[in-house]
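Written below as structure tokens is the structure these notes are about.
Only heavy atoms go into these numbers, but all of them, side chains included; no hydrogens, no water, no symmetry mates.
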Amino acid sequence: MTKTLLKSAFAIGVVAAAAGCASNGDATQSQIDQAMRKAESAQTTANEAQRTANRAMQTAQEAKSSSQANSQRIERMFETSQRK
């Protein structure tokens, strides 16, 4: 995901730079700056999404571990009750 955003930002920069060769330099620089701000914002959003996904994965792993421990306890209790 990060690589895609960086490639997109680079492509936007190249297009903006190419457009600058044919038009006014100040307006082009403004467009390049705007494109860079958007790319940086997208990168920040992607980073936040990755952190959220990582936290969700950790929570899911903890829940799975807890569930497995509970299943083992219940199974031991069942076996103990069957022996009586």
Side-chain angles (χ1 to χ4, degrees):
M1 179 184 233
T2 302
K3 288 182 182 180
T4 303
L5 289 173
L6 292 176
K7 287 179 185 178
S8 297
F10 178 76
I12 291 170
V14 169
V15 170
C21 293
S23 66
N24 185 346
D26 290 336
T28 301
Q29 186 61 41
S30 175
Q31 291 173 343
I32 291 171
D33 291 343
Q34 183 180 9
M36 287 302 296
R37 282 192 301 275
K38 286 182 180 180
E40 289 168 354
S41 176
Q43 182 66 48
T44 299
T45 302
N47 289 341
E48 289 173 10
Q50 184 64 53
R51 283 191 295 272
T52 301
N54 289 343
R55 284 193 305 269
M57 174 81 75
Q58 182 180 4
T59 300
Q61 288 170 341
E62 289 170 0
K64 180 181 177 184
S65 177
S66 177
S67 175
Q68 288 173 336
N70 285 340
S71 292
Q72 290 170 352
R73 268 194 302 272
I74 290 170
E75 189 172 324
R76 283 192 305 270
M77 289 170 40
F78 177 75
E79 289 173 359
T80 302
S81 72
Q82 291 298 314
R83 281 187 244 142
K84 291 183 178 180

Between S67 and A63, is there a donor-acceptor pair closer than 3.5 Å when you use the side chain of the first and the backbone of the second?
no

Point-to-point distance, once rounded to the nearest 0.5 Å, from CZ of R51 to CD of E48
5.5 Å

Are the side chains of M36 and D33 in touch, meaning some heavy atoms are under 4.5 Å apart?
no

Output for pair (I74 CD1, M77 CE), nearest 0.5 Å, gives 7.0 Å

Spacing of S30 atom OG and Q34 atom CD [to the nearest 0.5 Å]
6.5 Å

Enter the distance from M57:CE to N54:CG here, rounded to the nearest 0.5 Å.
7.5 Å

Rounded distance [0.5 Å steps], OG1 in T45 versus CD in E40
12.0 Å

Kindly compute the distance separating CD (Q58) from CD (Q61), expressed to the nearest 0.5 Å.
7.5 Å

